[in-house]
There are 2 protein chains.
Amino acid sequence: MIKIRDLEYLIAIAEHKHFGHAAEACFVSQPTLSGQIQKLEQRLKLTLIERKTRNVMLTPAGEKLINEARQVLNAASNFEEAAKALLDPLSGDLHIGLIPTLAPYALPHIMPALNSTLPKINFYLHENRTQDLLQQLEQGKLDILILPWLPEMERFERYDLFAEPLVMATSQQHEFATKDQVNFDDLQQQKILTLEDGHCLRDQAMGYCFSAGAEEDHSFRATSLETLRYMVASNMGITLLPKLATLNPLSNKDIRYIPFLQPEPIREISLLCRAGYSRMDCVRAVANSVRESITPLFKNH
Amino acid sequence: MIKIRDLEYLIAIAEHKHFGHAAEACFVSQPTLSGQIQKLEQRLKLTLIERKTRNVMLTPAGEKLINEARQVLNAASNFEEAAKALLDPLSGDLHIGLIPTLAPYALPHIMPALNSTLPKINFYLHENRTQDLLQQLEQGKLDILILPWLPEMERFERYDLFAEPLVMATSQQHEFATKDQVNFDDLQQQKILTLEDGHCLRDQAMGYCFSAGAEEDHSFRATSLETLRYMVASNMGITLLPKLATLNPLSNKDIRYIPFLQPEPIREISLLCRAGYSRMDCVRAVANSVRESITPLFKNH
DNA sequence: TGAATTTCATAAGTAGATCTCATTAGCATT
DNA sequence: AATGCTAATGAGATCTACTTATGAAATTCA
């Protein structure tokens with residue numbers, strides 16, 4: 001049977017493409033790594049690595065096995081984490097995935113409480129698009145996701161955290177700037193600035209706006225919420241922003257945030273983890289802490 | 001880092017609940033296994049096993065870790081299989097899952113061709129309900145499923161194999177026994193015998209029958225197609241059977257199979273494997289062989 | 001061209017871990 | 001109390017992954 005250490009060596013070489021550096025990364029001498037890799041190749045009767053003195057590469061066979069190797073290492077570290085978690089359920093490493101339109105605005109509110117209520121947990125934060133996050137959760141690279149729930153996520157365990165309203169953002173010069181609230185129908189004929197494809201906020205905001213008869217400004221698509229905000233401030237159009245992104249007073253100078261009255265657009269932020277994940281205690285503790293941190297922010301307004 | 005061998009020992013104990021037998025299953029002496037398990041427990045600082053002289057059991061902690069351990073072993077054997085497959089893409093072990101209403105009737109037709117076109121592959125056949133099969137495919141315990149496709153299977157890679165008609169089965173004494181074909185509308189008011197819950201054939205057949213105005217015989221639910229067949233032969237009711245289950249002349253004595261004319265009820269049999277599975281060559285070869293074995297069976301009738 | 005440099009493979013020796021065999025200790029059952 | 005299982009312990013053998021030192025092949029540079 002294959003040994004886990006061998007797979008670590010293989011992956012190290014795949015990453016460094018250099019025996020010496022890979023050995024260093026594994027905390028062994030270069031001859032050790034060379035030797036073990038050779039033995040692995042002999043056992044599998046496959047050449048995994050092309051050795052040219054100045055250019056180490058994986059063979060196609062090696063390339064294919066790397067994925068399987070990563071799976072094994074992943075499963076192994078899941079085992080170790082599960083063991084650590086049994087020792088003290090509320091300790092160990094926890095990898096949380098968040099989307100870019102939520103992370104920078106929610107984290108300042110939730111991390112202080114998380115760190116103080118779960119002091120023995122090391123939180124690793126990963127910012128990525130929804131699709132990538134789901135894949136990484138599935139593969140065990142992440143333990144928890146925090147993002148707007150979609151039907152395709154049904155296979156995961158779900159904890160609802162909070163409903164985040166979307167508010168209209170306009171410049172101070174815009175015709176709406178004097179309003180205290182806007183209605184669904186006000187969107188009719190308006191040109192809306194949007195994020196580029198792949199951001200789920202784009203789909204949600206546009207879904208609401210389209211059905212109200214608004215149109216997208218096709219000449220531009222922003223790569224981040226901040227870009228979008230600057231464009232709104234420059235009076236180039238209006239957009240919908242999630243509430244949490246409007247709370248920082250520093251960014252509110254040249255911009256007006258106006259809540260919707262009629263049918264308020266919201267996104268339902270949920271916490272996901274794999275069904276049957278071994279550290280549910282931990283997951284529930286995180287969910288509760290996040291809820292307690294966020295809900296008061298929406299009550300006051 | 002944990003060693004794979006240790007996990008094998010742990011799982012062996014979980015399965016045998018006896019150090020001696022577990023050791024034998026791992027091809028080591030009993031003291032070796034005892035010792036390694038102790039070291040594992042020390043490393044994890046957890047007691048995994050309750051040792052009472054005549055009753056070895058896992059502790060709750062051990063119980064939880066067993067799952068993670070199995071994941072690791074699974075990933076490891078996937079790695080080894082992938083390596084073997086690279087050596088000769090059309091060799092190695094292949095675990096195929098099938099449902100009970102298909103396996104006994106399809107296998108006699110497909111296995112001879114599979115064994116002769118893919119002589120270096122060892123086929124392991126697993127018969128189970130759809131839900132269990134999907135779970136096992138996901139977990140890597142199975143490589144391929146052959147079953148009627150459902151929308152919930154979209155996350156897997158799919159190869160359509162054949163469309164299997166459902167035909168009406170009646171006793172020789174039944175009023176329909178003289179017909180050469182039946183219509184959708186003939187089902188109206190008929191009492192239909194069904195399989196017990198969980199068989200997907202039940203859902204498919206009943207879906208068709210209900211919409212035609214037939215009623216289920218609630219007083220009985222068969223546990224297998226064969227039971228069902230005997231009940232039909234005894235003139236206790238009629239039912240819908242998949243075509244492949246009607247081809248064996250031995251079981252056709254006291255029973256009539258009548259094809260549907262109008263909108264023929266069918267089930268779409270597909271082959272599933274994990275998206276990104278490393279042995280697609282193999283999967284495609286199986287799919288092609290099965291298609292070639294089955295399609296001629298439907299052409300003649 | 002030839003010396004210096006880089007980089008992987010080889011060789012020899014060591015420490016530690018896993019294994020076996022033989023034996024002991026702890027519980028049940030009789 | 002005696003017997004029979006079963007797991008733990010101890011002593012010694014074997015294996016293997018590791019280290020350091022060195023060699024060989026290719027590349028770079030003077």
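Each chain gets a letter, A, B and so on, in the order its sequence line appears, and its residues count up from 1.
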If I take atom CD in residue B/Q30 and atom C1' in nucleotide D/dA8, what distance separates them, rounded to the nearest angstrom?
7 Å

Given C/dT20, D/dA7, D/dT19, the nucleotide with the shortest approach to the side chain of B/V28
C/dT20

Side chains of B/L145 and B/F156: closer than 4.5 Å at any heavy-atom pair?
no

Nearest-Å distance for atom pair CZ/C1', residues A/R51 and D/dA25
14 Å

Determine the contact category for A/Q36: base if any of its heavy atoms lies under 4.0 Å from a base atom, sugar-phosphate if only primed atoms, P, OP1 or OP2 are that close, otherwise nothing.
sugar-phosphate

Measuring to OP1 and OP2 of D/dA17, would you say a side-chain N or O of A/T32 lies under 4.0 angstrom away?
no

Looking at D/dA7, C/dC8, D/dC18, which one has an atom nearest to any side-chain atom of B/S34?
D/dA7

Side-chain donor-acceptor pair present, B/N67, B/R70, cut-off under 3.5 Å:
no

Taking only side-chain nitrogens and oxygens of B/K39, does any of them come within less than 4.0 Å of OP1 or OP2 of C/dA17?
no

Can you say whether a donor on the side chain of A/Q38 sits under 3.5 Å from an acceptor on the base of C/dA9, or the other way round?
no

Side-chain donor-acceptor distances from residues 87-102 of chain A under 3.5 Å, at least two apart:
residue	atom	partner	partner atom	Å
A/D88	OD1	A/L90	N	3.2
A/D88	OD2	A/K120	NZ	2.7
A/S91	OG	A/D88	O	2.9
A/D93	OD1	A/N122	ND2	2.9
A/H95	ND1	A/H126	NE2	2.9
A/T101	OG1	A/R267	NH1	3.1

Rounded to whole Å, CZ of A/R43 lies from C1' of D/dT16 at a distance of 10 Å

Think B/S29 has a side-chain N or O under 4.0 angstrom from the OP1 or OP2 of C/dC19?
no

From CG of B/N55 across to P of D/dC5 the rounded distance in Å is 17 Å

For DNA chain C, find the residues of residues 3-26 of chain B with a heavy-atom distance under 4.0 Å and give them by number; none if there aren't any.
B/K3, B/R5, B/Y9

State, without any angle test, whether A/Q131 and A/Q136 hold a side-chain donor-acceptor pair at a distance under 3.5 Å.
no

Rounded at 0.5 Å granularity, tell me how far CD1 in A/I146 sits from SG in A/C273.
11.0 Å

Using side chain to side chain contact (heavy atoms under 4.5 Å, CB included), reason through B/Y159 and B/V290 one step at a time and then give a plain yes or no.
CA-CA 11 Å; B/Y159 296 84; B/V290 172; over 6 Å; no

Distance in angstrom units between B/L33 CG and C/dC21 C1', rounded:
16 Å

I need the CE-C1' distance between A/M1 and D/dC15, as an integer number of Å.
19 Å

When you compare the side chains of B/Q30 and B/S34, does any donor N or O come within less than 3.5 Å of an acceptor on the partner?
yes

Quick one: A/Q42 CD to C/dA9 P, roughly how many Å, whole number?
12 Å

